[in-house]
Asker: 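Please see the structure below; I have some questions.
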Amino acid sequence: MRRLRLAVLASGSGSNLAAIIEACRSGRIGAEVVAVLSDKPDARALRRAAEAGIPALSIPPAVGESRESHGARLTAALAPWAADLVVLAGYMRILSTDFVRGLEGRLVNIHPSLLPKHKGLHTHRRVLEAGEPEHGCTVHYVTPELDGGPAVLQAKVPVLPGDDEATLAARVLAREHVIFPRVIGWIASGRLSCPGGSPQLDGRPLTSPLLDDGRDA
Ligand code: GRF
């Protein structure tokens with residue numbers, strides 16, 4: 001069967017990218033990463049891609065460049081790869097509305113919180129400051145509203161006594177590495193799609209996110 005072509009955008013260490021590459025190469029999901037793009041020339045994600053033999057492109061914004069201009073360059077850079085799905089795996093820059101609209105229903109993100117709680121940055125710190133007992137991560141389709149697109153799958157972790165940002169982030173990240181490949185696998189197998197901006201799983205509307213049970217975490 002034809003494998004889903006993934007283009008991955010990443011700014012940081014690329015551990016989610018690594019989990020996705022591994023899921024593809026092990027055959028657990030019917031997809032392949034055809035290109036990795038970053039806004040950060042020194043991102044570890046680019047090195048991971050190169051080490052895996054995957055084309056790695058650095059597309060930093062120029063000094064003073066508008067979000068729209070950078071978005072247009074990203075769109076142009078993606079075009080040759082003919083990706084079926086564009087995956088934001090720790091891409092830490094707000095994308096232009098045109099870029100997002102051009103990929104409607106074909107753009108997914110992972111966010112380190114139980115959306116709609118804690119959109120934006122510093123989610124682990126904010127959970128600790130609020131004294132919340134649990135935290136987690138969400139895979140969602142991307143719309144022009146930051147971290148506001150329809151959520152598909154979430155995983156929860158407890159906040160433990162003595163946690164700091166680093167320990168909590170690590171616990172959440174381990175769950176990200178499970179749920180992100182899982183959702184991509186659903187899309188690759190045709191179980192999940194997002195016609196008209198509304199997710200459908202197995203032919204039924206997904207009106208609220210599913211909760212991963214963590215059994216194979
Ligand atoms: C993840 O926690 C992701 O949710 C957030 O940035 C982090 C990226 O980690 N947006 P990595 O680059 O995949 O290791």
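All ligand and atom numbering here is 1-based and tracks the order in the structure. All values below were derived from every heavy atom in this structure, side-chain atoms included, with hydrogens, water molecules and symmetry-related copies excluded.
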Asker: Give the atoms of ligand 1, by number and element, whose distance to some non-hydrogen atom of Gly14 is under 4.0 Å.
Answerer: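 With Gly14 as reference, the close atoms of ligand 1 come out as 11 (P), 12 (O), 13 (O), 14 (O).
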Asker: Atom 11 (P) of ligand 1: which of Gly90, Ser38, Ser15 has the nearest heavy atom?
Answerer: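 That would be Ser15.
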Asker: Could you see if Leu95 belongs to whatever hydrophobic cluster contains Leu103? Use Ile, Leu, Val, Met, Phe, Trp, Tyr and a side-chain cutoff under 4.5 Å.
Answerer: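 Yes; tracing contacts between hydrophobic side chains, which count when under 4.5 Å, links both residues.
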Asker: Can a non-hydrogen atom of Met92 be found less than 4.0 Å from any atom of ligand 1?
Answerer: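 It does; at least one heavy atom falls under 4.0 Å.
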Asker: Does any part of the side chain of Pro60, heavy atoms only, come nearer than 4.5 Å to the side chain of Asp39, both counted from C-beta?
Answerer: no
Asker: Give the atom numbers and elements of ligand 1 that come within less than 4.0 Å of a heavy atom of Ser13.
Answerer: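 Ligand 1 atoms under the 4.0 Å threshold to Ser13: 11 (P), 12 (O), 14 (O).
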Asker: Using heavy atoms and a threshold below 4.0 Å, how should the contact between Val172 and ligand 1 be classified: side chain, backbone, both, or neither?
Answerer: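 Contact part for Val172 vs ligand 1: neither.
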Asker: Please report the closest heavy-atom contact between Ile20 and Leu6, naming both atoms and the distance.
Answerer: CG2-CD1, 3.8 Å
Asker: Which residue owns the protein heavy atom closest to atom 1 (C) of ligand 1, what's the atom, and how far is it?
Answerer: Glu176 OE1, 3.1 Å
Asker: Among Pro112, Gly12, Ala19, Ala43, which residue places a heavy atom closest to atom 5 (C) of ligand 1?
Answerer: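 Ranked by closest heavy atom to atom 5 (C) of ligand 1, first place is Pro112.
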Asker: In a check of side chain to side chain donor-acceptor pair (under 3.5 Å) between Thr138 and each of His111, Gln154, His118, which one passes?
Answerer: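 When side chain to side chain donor-acceptor pair (under 3.5 Å) is applied between Thr138 and each of His111, Gln154, His118, only Gln154 qualifies.
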Asker: Quick check on the hydrophobic clustering: are Leu17 and Leu173 connected, directly or via other members, by side-chain heavy-atom contacts under 4.5 Å?
Answerer: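 No.
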Asker: If the contact criterion is a heavy-atom separation under 4.0 Å, does Ala10 count as touching ligand 1?
Answerer: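 Not so, Ala10 does not reach ligand 1.
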Asker: Would you indicate whether the side-chain heavy atoms of Trp186 and Leu153 approach each other to under 4.5 Å?
Answerer: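 Yes, close enough: below the 4.5 Å cut-off.
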